Amino acid sequence: MFILKLILKNAFRHKLRTSLTILGMTIAILAFGLLRTVVDAWYAGVAASSASRLVTRNAISLVFSLPISYKEKIQQVEGVKVVSAGSWFGGIYIDEKNFFANFAVEPKPYLELYPEIILSPEHFQAFVRDRKSAIAGRKLIDKYGWKIGDIITLKGTIFPGNWDFVLRGLYKGRDKGTDETMFLFHWDYLNETMKKTVPRRADQTGFFMIGIKYPELASEISVAIDKLFKNSLAETLTETEKAFQLGFISMTEAIVVAIQLVSFVIIIIIMAVVANTMSMTTRERIGEYALLKSMGFGGRHITCLIFGESLIITSIGCVFGIIATFPVADIFSTALSTYFPIFNIAPATIYMDIAASIVVGTVAALFPTYRSVRIRIADGLRRIG
Amino acid sequence: MENVKPLIVEIKNLSKSYRRGSQIIPVLEDINIEIPEGEFLALMGPSGSGKSTLLNLIAGIDKADSGLVKVGGIDIAALSEAELAGWRAGNVGFIFQFYNLIPVLTAFENVELPLLLTGLSKKERHEHVEMALRVVNLSDRMEHYPAQLSGGQQQRVAIARAIVTDPTILVADEPTGDLDRVSAKEILELMERLVRELGKTIIMVTHDARAAEKAHIIVHLEKGVLSFE
Ligand SMILES: Nc1ncnc2c1ncn2[C@@H]1O[C@H](COP(=O)(O)OP(=O)(O)O)[C@@H](O)[C@H]1O
Ligand SMILES: [Mg+2]
């Protein structure tokens, strides 16, 4: 108790210096936490992917489509439970700035594949029944103030024309990581319209989402599917949803690595700042450490005093930093919702904040402790006068 | 000298030198001295003569090159670093020129500090601290911080801290060096009282003749040689 009191009193002996160091630590933890959250947001699609879902697409590139006739053959493959055709629609809502993901899917199999998309039975029925309908995530609906029954018009980019959809459902995410900003409508509606307007592009789909019975068999099933279409005009590439999502991100990997690097550089900088504070502090108190040693206190006690002080400073900064991360992340989340539909502070980020503060506090205390423990008592006392 | 009292400090053939770069500076050469229990000894000599060095060797915060240093019957030169620390905790009370109080601790807490290394309960510690502060006549300043006390009062707190563990010897390095004449006199009288009334043994380094007057034995150290008055 006495020692703890002394540590606390020591920590705030130089109020301005300690406050500034704590402020620095707070900002470092805040920046670190936000950058980690950005990285997480980047990988949100990967994190939300399921091991029991496969994606089949054109082997050449995502830009090329596959014949819808493949669906039946895929369904025959051993281990396949459910298949939904899907196409990236790429429609624009009023203005290009208003970006959100919009897909043409087959409602029943697709929603079976994605149990994390929660739709009320009424909305589900209404969506399935009306071929020109669409559903959208809660966040998207909130953002644009839509109401059920509204006509939403998207301007086609890949598929020309203005497309009207009746909003029939609002879905919520089952998990924190579920994207609540998607817009989903009937693949059949898209296909029928194409039959009338651009027949050459009808009966084609961007990809197939496949639900499998046994996640362990993902690679065997993938191989079996791709084998079916070997040497055909449109060869396929089947991979797990996770690999598929990672493929998207690999293009931007350099940015993610840079962000990660910066987040660690921040920790190293604050480490230097705290180490400097501790170094100044212990240099000023070297006479007191010598005094303690003369009284018979050992290296253990001095180590405890210095580490305690260092860790108190970093812990307070860490707590403030973590507290600040939530409101700031909220602001980020709103401002960047178009780019990062999922922007959540992961528990792992908080653990890393805590770990970082412990590492910073420990490293910063190492050298000052070494110096203070080793000081010859007579020399340390001499420095008083 | 009639040696009726048992010896508390016994030094034989003590030598100590410092190394400054490649140069070896001899400070103490073949020192011999015996100090009986309950004495008040003043160690005098010009600045740089090695007074503090000798005091540090007796107090076990420095190691001699050769020779015997026996305090309270224990050959402290033979102790390891850790054993020496434990020995100091129980046997030596320090009084410094600049008091060396911890500024963030109250007078009470400063005096309590050395007791943390003993097995005493909190209640016992507090009784000891109150007693020590009573001896130095500072019972009414227990909750004051060093900055709120005069130099003389701070030195009294330091003396209370030195005696609170009831050590074998008290070592004081220029205890009045930073004090005005009145405060210095008070401190010396207090130390004299500790010897007379409580039977403490004090070894005091000073170059102030007035301070030395209070002592029972005055020893001069010059050019590495001790001479007795
Ligand atoms: N750690 C040290 N390293 C080198 N020289 C020292 C050290 N400590 C003391 N000295 C030297 O030893 C001599 C005696 O010092 P000291 O015992 O402090 O003298 P005094 O207390 O009598 O003034 C001085 O010349 C001093 O410079
Ligand atoms: Mg000296």
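Every value quoted in this text rests on a predicted model; they were computed, and no experiment measured them. All heavy atoms count here, side chains included; hydrogens, waters and symmetry mates do not. Letters A, B, ... mirror the listed sequences (proteins, then strands); counts begin at 1.
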Discussion item. I need the residue from B/Gly60, B/Gly177, B/Pro114 with the largest number of non-hydrogen atom pairs under 4.5 Å to chain A.
Written reply: B/Pro114
Practice prompt. Could you check if a side-chain atom of B/Phe96 sits within less than 4.5 angstrom of a side-chain atom of A/Leu291, using non-hydrogen atoms only?
Written response: yes
Practice prompt. May I ask you to test the A/Phe2-B/Leu105 pair for a side-chain heavy-atom distance under 4.5 Å?
Written response: yes
Practice prompt. Mark yes when over 12 heavy atoms from residues, nucleotides or ligands other than A/Phe332 sit less than 6.0 Å from its CZ; otherwise mark no.
Written response: no
Worksheet item: Under 6.0 Å from the NE2 atom of B/His220, do we count more than 12 heavy atoms belonging to anything else shown?
Response: yes
Practice prompt. Flag the pair A/His301 / B/Leu117 as yes when at least one side-chain heavy-atom distance between them is below 4.5 Å, and no otherwise.
Written response: yes
Practice prompt. Taking the side chain as every heavy atom from C-beta outward, state whether B/Ile102 and A/Leu6 have any atom pair closer than 4.5 Å.
Written response: yes
Worksheet item: What residues of residues 142-173 of chain B sit under 4.5 Å from chain A when only non-hydrogen atoms are counted?
Response: B/Tyr145, B/Arg161
Worksheet item: If you draw a 6.0 Å radius around NZ in A/Lys9, do more than 12 non-hydrogen atoms from other residues or ligands fall strictly inside?
Response: yes
Fill in: Reported CG-to-CG distance for the pair A/Asp379 and B/Asn56, which is rounded to 0.5 angstrom
9.5 Å
Item to complete: With the side chain counted from C-beta on, respond yes when A/Leu381 and B/Ile61 share a heavy-atom pair under 4.5 Å apart, and no when they do not.
Response: yes
Discussion item. On a heavy-atom basis, which atom in B/Ala89 and which in A/Gly296 lie closest, and how many Å separate them?
Written reply: CB-CA, 4.1 Å
Worksheet item: Checking heavy atoms, do the side chain of B/Glu81, its backbone, both or neither come under 4.5 Å from chain A?
Response: neither
Discussion item. Does atom NZ (B/Lys70) have a neighbourhood of more than 12 heavy atoms from anything else shown, all under 6.0 Å?
Written reply: no
Practice prompt. Evaluate whether atom CD of B/Glu130 has more than 12 neighbouring non-hydrogen atoms of other residues, nucleotides or ligands under 6.0 angstrom away.
Written response: yes
Discussion item. So, taking the atom named CG in B/Asp62 and the one named OG in A/Ser294, what distance separates them when rounded to the nearest 0.5 Å?
Written reply: 12.5 Å
Worksheet, complete the sentence: Under 4.5 Å to a heavy atom of chain B? For A/Phe297 that would be both
Discussion item. I want to check something: taking the side chain as every heavy atom from C-beta on, are A/Arg376 and B/Lys63 in contact at a cut-off of under 4.5 Å?
Written reply: no
Response to the item:
Sequence neighbours excluded, the answer for side chain to side chain contact (heavy atoms under 4.5 Å, CB included) partners of A/Asp179 is A/Thr181, A/Met182, A/Pro341, A/Ile342
Fill in: Atom pair CD1/CG of A/Ile377 and B/Leu84 - distance to nearest 0.5 Å
7.5 Å
Discussion item. Nearest 0.5 Å, please: how far is CZ in B/Arg88 from NZ in A/Lys293?
Written reply: 8.0 Å
Worksheet item: Donor-acceptor pair, A/Arg13 side chain versus B/Pro103 backbone, under 3.5 Å?
Response: no
